[in-house]
Protein chains: 2
Amino acid sequence: MQRDTRQRRAIRRVFMDTGRPLTPDEVLVMGQQQVHSLGLATVYRNIKILHEEGWLAEVELPGGGTRYELAERPHHHHFLCRECDQAYDVHNCPDQVEELAPPGFTVDGHELILFGLCAACS
Amino acid sequence: MQRDTRQRRAIRRVFMDTGRPLTPDEVLVMGQQQVHSLGLATVYRNIKILHEEGWLAEVELPGGGTRYELAERPHHHHFLCRECDQAYDVHNCPDQVEELAPPGFTVDGHELILFGLCAACS
DNA sequence: ATATGTGCAAACTCTTTGCATGGAG
DNA sequence: CTCCATGCAAAGAGTTTGCACATAT
């Protein structure tokens with residue numbers, strides 16, 4: 001059974017207020033602004049729970065550890081800026097991606113990552 | 001100046017003979033079939049050198065460490081099997097991916113990963 | 001009152017580095 | 001004979017776990 005602790009509430013709020021994929025360490029720093037005593041292990045444990053619940057989705061981008069973002073959002077992809085290393089959402093999706101797989105392969109999901117310079121760094 | 005050691009030759013051969021993205025640990029196991037004394041640090045050191053030389057390309061896929069594959073090959077993408085966790089090449093590519101980015105963003109590269117079951121695991 | 005959650009520190013995994021020895025040139 | 005490369009073991013990063021205490025219910 002789930003308890004509603006200050007730490008868990010702070011971690012959830014960080015994700016809801018931020019709207020882009022975050023590393024555990026980013027969550028720690030941002031969460032400590034609400035709960036100063038917040039520890040890294042607590043962040044990892046809660047991210048794990050929230051991910052298992054389906055509240056968070058894993059985002060794996062090159063260069064660095066796994067990031068997480070809110071799960072229950074429309075299908076989208078990511079843009080990774082080579083300059084500032086921030087991840088942005090991309091709300092368009094190429095069609096008929098499933099047909100790109102070799103014969104005999106069953107596709108049940110896909111991830112597309114665009115690289116380049118974001119609007120701010122261009 | 002580069003020396004031509006048994007270890008380095010074995011590591012290069014593993015990549016040339018395999019043709020799919022490999023983790024350092026996979027390279028170790030396969031390379032030890034040629035050079036029994038091969039150590040993991042040597043694998044990491046040589047992968048680093050071969051990557052800096054542009055002979056290997058990094059492939060970052062969810063679930064596990066960075067994989068590597070031969071660099072000088074035609075543009076392609078990857079399929080990750082959820083069952084056996086092996087990465088396969090996908091030689092098709094969706095068109096006009098650059099146009100998916102938000103206005104003001106400059107795209108200079110992209111990566112597409114398909115998930116599902118490979119032919120062997122279906 | 002009870003049992004889950006937290007914080008700390010130790011353990012673990014993956015990767016890198018220091019050092020003495022080995023071997024390519 | 002010189003140095004670069006190797007193997008081992010120790011050191012670093014990122015992540016997970018054990019334990020005693022705190023706290024939501």
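A note on names: the letters A, B, ... follow the listed sequences, proteins ahead of strands, and every chain is numbered from 1.
To the nearest angstrom, P of D:dT23 lies 9 Å from CD of A:Q7. If you take NE2 of A:H36 and P of C:dT6, they are 17 Å apart, rounded to a whole angstrom. Atom CZ of B:R6 and atom P of D:dT6 are 10 Å apart (whole Å).
The ring pair (Phe, Tyr, Trp, His ring centres under 6.0 Å) search around B:H91 returns B:H76, not counting sequence neighbours.
Projected onto DNA chain D by closest heavy-atom contact, B:L40 and A:R3 fall at different nucleotides, the more 5' of which corresponds to B:L40.
For the atom pair B:Q86 CD and B:C121 SG, the distance stands at 8.5 Å (nearest 0.5 Å). Rounding to the nearest 0.5 Å gives a distance of 9.0 Å between CG of A:L70 and CG of A:L22.
For A:Q32 (side chain) and A:L38 (main-chain N/O), a donor-acceptor pair under 3.5 Å exists by modelled atom type. Not a single donor-acceptor pair under 3.5 Å links the side chain of A:E99 to the backbone N or O of A:Q96.
Ring geometry for A:W55 against A:F15 counts as perpendicular: the plane angle is over 60°, on a 0 to 90° scale with 30° as the lower cut.
From one end of the helix from C:dA1-D:dT25 to C:dG25-D:dC1 to the other, with five pairs defining each end axis, the axis direction shifts by 30° (rounded to 10°).
Phosphate proximity of C:dG7 to A:S37: present, with a side-chain N or O under 4.0 Å from OP1 or OP2. Side-chain N/O atoms of B:T5 include one lying less than 4.0 angstrom from OP1 or OP2 on D:dT6.
Residues from residues 8-31 of chain A lying near DNA chain C, meaning a heavy-atom separation below 4.0 Å, are A:R8 in numerical order. Using a 4.0 Å cut-off on heavy atoms, the residues of residues 41-54 of chain A that approach DNA chain D are A:A41, A:Y44, A:R45, listed by number.
Partner A:F79 forms a side chain to side chain contact (heavy atoms under 4.5 Å, CB included) with one of A:L112, A:L114, A:D89, A:L117 and no other, that one being A:L114.
Residue pairs meeting the side chain to side chain donor-acceptor pair (under 3.5 Å) criterion with at least one member in residues 44-54 of chain A, sequence neighbours excluded, are A:Q2-A:E53, A:R8-A:N46. Within the structure, salt bridge (charged side-chain N to carboxylate O under 4.0 Å, His left out) pairs that include any residue of residues 28-42 of chain B do not occur (at least two apart or interchain).
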Handout entry: Residue pair A:R12, A:D4: steps toward the salt bridge (Lys or Arg N to Asp or Glu O under 4.0 Å) verdict
Key = CA-CA 11 Å; A:R12 269 196 291 244; A:D4 184 29; 3.6 Å; yes

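Separation of the B:H110 and B:H75 ring centroids falls under the 6.0 Å cut-off.
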